[in-house]
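All figures in this text were calculated on a predicted structure; none of them were measured in a lab. Just so we're on the same page: letters track the sequence lines, and every chain starts at 1.
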There are 2 protein chains.
Amino acid sequence: MTEALDERKMNVSVYVSSDIITLHIMSTLRQLADRLGVSIATVSRALNDKPGVSTKVRQRVLQLAQELRYHPNQAARSLATSHNPLILFIVHRRQFSEAEDPFYPNIVQGLEEVLSSEGYGIMLVTLSDSQMAAGPTEVRAIQEQRPSAIVLAGPDISSSFIIATATSGIHTMLVDNALRNTSLPAVLPNNKEGCQAATNHLIQDHGHQHIALLRGPEGWISSDERAAGYLSEIEAAGFQPFIVTANDTTIQTGQEAAIQALDVKPETTAIVAINDAMAIGALRASRQMGRSVPGDLAVVGFDNISWAVYADPPLTTVSVPMLDMGRLAARVLLDRINGTLTAATRTIAAAQLVIRASCGC
Amino acid sequence: MTEALDERKMNVSVYVSSDIITLHIMSTLRQLADRLGVSIATVSRALNDKPGVSTKVRQRVLQLAQELRYHPNQAARSLATSHNPLILFIVHRRQFSEAEDPFYPNIVQGLEEVLSSEGYGIMLVTLSDSQMAAGPTEVRAIQEQRPSAIVLAGPDISSSFIIATATSGIHTMLVDNALRNTSLPAVLPNNKEGCQAATNHLIQDHGHQHIALLRGPEGWISSDERAAGYLSEIEAAGFQPFIVTANDTTIQTGQEAAIQALDVKPETTAIVAINDAMAIGALRASRQMGRSVPGDLAVVGFDNISWAVYADPPLTTVSVPMLDMGRLAARVLLDRINGTLTAATRTIAAAQLVIRASCGC
DNA sequence: TTGAAAGCGCTACCAA
DNA sequence: TTGGTAGCGCTTTCAA
């Protein structure tokens, strides 16, 4: 089954596997031009919807491109235009753990959905502590790919890294994070209002007076803002705030924080957790300490992850529309890249209280 | 604060934002060569560790590259070498849902970890039903990026798409899927043995005789293999198998399947679910039907997702090392790309029974 | 050991 | 409306 193939000028790659011989032919502008008897410049214009091509020629080009399944070589295009339609999605690499959501999967999904429709790709990058410390100039993907923009996701990206990236002249935006006193575009959920709603629900609808907050590290914007929402409601009601701060926002730390809260202030009758993971930890802690939820202790979370509804009891929480946040981020990014929008933007996605059983309803 | 800058031949991009002016200079081979008084060919050789450069010159090149923070332009390199160090990670886009794990996040994490250390990037692509039907030639990312390899993840990628991709001459591998009668590399957990261990545990250690299986669609290899594991143990023990097949493997379908199982065969005392999502659904169903777990009904899952331990009761399940599967997949891929390994490989990651409370232990 | 130069496939400018 | 052509930044022959 052998055949003499002149590979030299043919742009043909031959793949041999057991008995199958497949030719994967990628056509080029040159080939289209030759077959049509026109110049590659004309073909390029036609394909890119640029003016200066007669409708007749344009149609013939489009037609043939279709037939030959022509697709431009992105590397060549990037080289010629100095523009790579690629977004880098960067997160901090957590060590030692199969984290629940290492990549904000639903946000990435939303981003991918709209970016791909505009011809952009999305590349995932995780940064170790040392890479983060070394800064963006030491991140290969940034330097070698020359992406159109960078998304920095999560509260655990150092602000020095953020600043270095943003000032390096590359479009940068933040997701689930924001930099104060800065005009960096960011998309965030409506943290404060969401947490106000949750806290208020416990106060107004259930009459709780001793409500503890379980939160993550100071400086993590979501924790800070949600805490602010909690505080404003507690103070408006004239109650004493009681806040336990953990160094991470996981089930584990939530459990520990809840135990501490109930130890220190046994009179606590309700807990607001900064996210669902911590809330689930709190559920766990209360079971462990012999308190029934919601009978002896009400618990509300934040995020509305998919497991929240299956917690025992089903978790009252504040729903964060991750998919939409991804889509929003993509839109902002595209606007920036296209220069449509130059003003600073903080995009806020609506977070909504979803009432289930853990609050006592 | 204005300054006349000749941008023409300078490779300088100017970024102006409020008061800051930052120059992001990307040096090129040409610049290194000029500063050193050597040819770009020499610089290229030195940088790429190729023979034919005196150690003296090589050192000077490396030194200067360091100073100028030189990084090669990947687009130019891809164009020149016809090789793009990029892996496409492709999944099927689920409609209408913020799926729990749209991207196998931990697998992606494992992939990224080892691929990035070898200079490869990983790009995420989701395929709609229509794109899947149209085949790989209609996927822009595949045609335009010319990636080094493609990872097709999940059981819901059509085999026609898989075959078309694999025979198109591009390195292809499967994750959490496999094609029978084919030499396509794939990485999978040890499904059958894992499910045997789980089933066997219910039989031997807990004395169950009426054990139902909740599974996903026929043809989804993980479901098939796990079901085979269940069957072999049930039959070895001389019991009657009882299998409920759902059309997806979610909490929702698990709940429905469990209800159906308990309706049809109320004598069922134990349930093996094909994954943790379905197992959590089963937990839910049994609560709903007034059966306590594990008292009236034992339940075991598969996957050991991070929430399994926090289910009520904590879920006995079979742990699948997602992170390792990603790493393994990356290794296989790199071997393929480098031509180190040409033989077909099915890589099996060890799945292990982890015993918690839902089985009755 | 070095350098010159021919591409890789495309865009964009300048002439015709 | 067209075509010719000079790059984009790099790799890789081929000569020197």
Could you state the CG-P distance from A/N84 to D/dC8, rounded to the nearest angstrom? 18 Å
Starting from P on C/dT11, measure out to CG on A/L47 and report it in whole angstrom. 8 Å
d(CD, B/Q74; P, C/dC8) in whole Å: 19 Å
Length of the line joining B/R60:CZ and C/dT2:P, which is rounded to integer Å: 10 Å
Checking only heavy atoms, does the side chain of B/R146 share a donor-acceptor pair with the base of C/dG9 at less than 3.5 Å? no
Mind checking whether A/L115 and A/E112 have side chains closer than 4.5 Å, heavy atoms only? no
What is the distance, rounded to the nearest whole Å, between atom CZ of A/R30 and atom C1' of D/dT5? 12 Å
Of the options D/dT2, C/dT1, D/dT5, whose atoms approach the side-chain atoms of A/I40 most closely? D/dT5
Would you say the side-chain atoms of A/T81 pair up with the backbone N or O of A/H83, donor to acceptor, closer than 3.5 Å? yes
Does either side chain, that of B/S168 or that of B/T165, offer a donor lying less than 3.5 Å from an acceptor on the other one? no
Closer than 3.5 angstrom, by distance alone: can the side chain of A/S148 be matched with the main-chain N or O of A/N84 as a donor-acceptor pair? yes
By nearest-nucleotide position on DNA chain D, the 5'-leaning member of B/A75 and B/R45 is B/A75
From C/dT2, D/dC10, C/dA12, pick the nucleotide closest to the side chain of A/A41? C/dA12
Should B/T42 be listed as having a side-chain N or O under 4.0 Å from OP1 or OP2 of C/dG3? yes
At under 4.0 Å, does any side-chain N or O of B/S54 touch on OP1 or OP2 of C/dT2? yes
Side chain to side chain contact (heavy atoms under 4.5 Å, CB included) with A/F103: which of B/N106, B/V108, B/L124? B/V108
To the side chain of B/S44, which of D/dT12, C/dG9, C/dC10 is closest? D/dT12
Between C/dA4 atom P and B/L29 atom CG, what is the distance in whole Å? 15 Å
Among C/dG3, C/dC13, C/dT11, the nucleotide that comes nearest once only the side chain of A/N48 is considered: C/dT11
For the pair made of NZ in A/K50 and P in C/dC14, what is the distance, rounded to whole Å? 15 Å
Take B/R58 and A/P72, find for each the nucleotide of DNA chain C with the closest heavy atom, and name the residue whose nucleotide sits nearer the 5' end. B/R58
By the 4.0 Å heavy-atom rule, please label A/T81 as base, sugar-phosphate, or nothing. sugar-phosphate
Of the listed D/dG3, D/dT2, C/dC8, the closest approach to the A/V38 side chain comes from D/dG3
Rounded to whole angstrom units, what separation is found between the CZ atom of B/R77 and the C1' atom of D/dC8? 16 Å
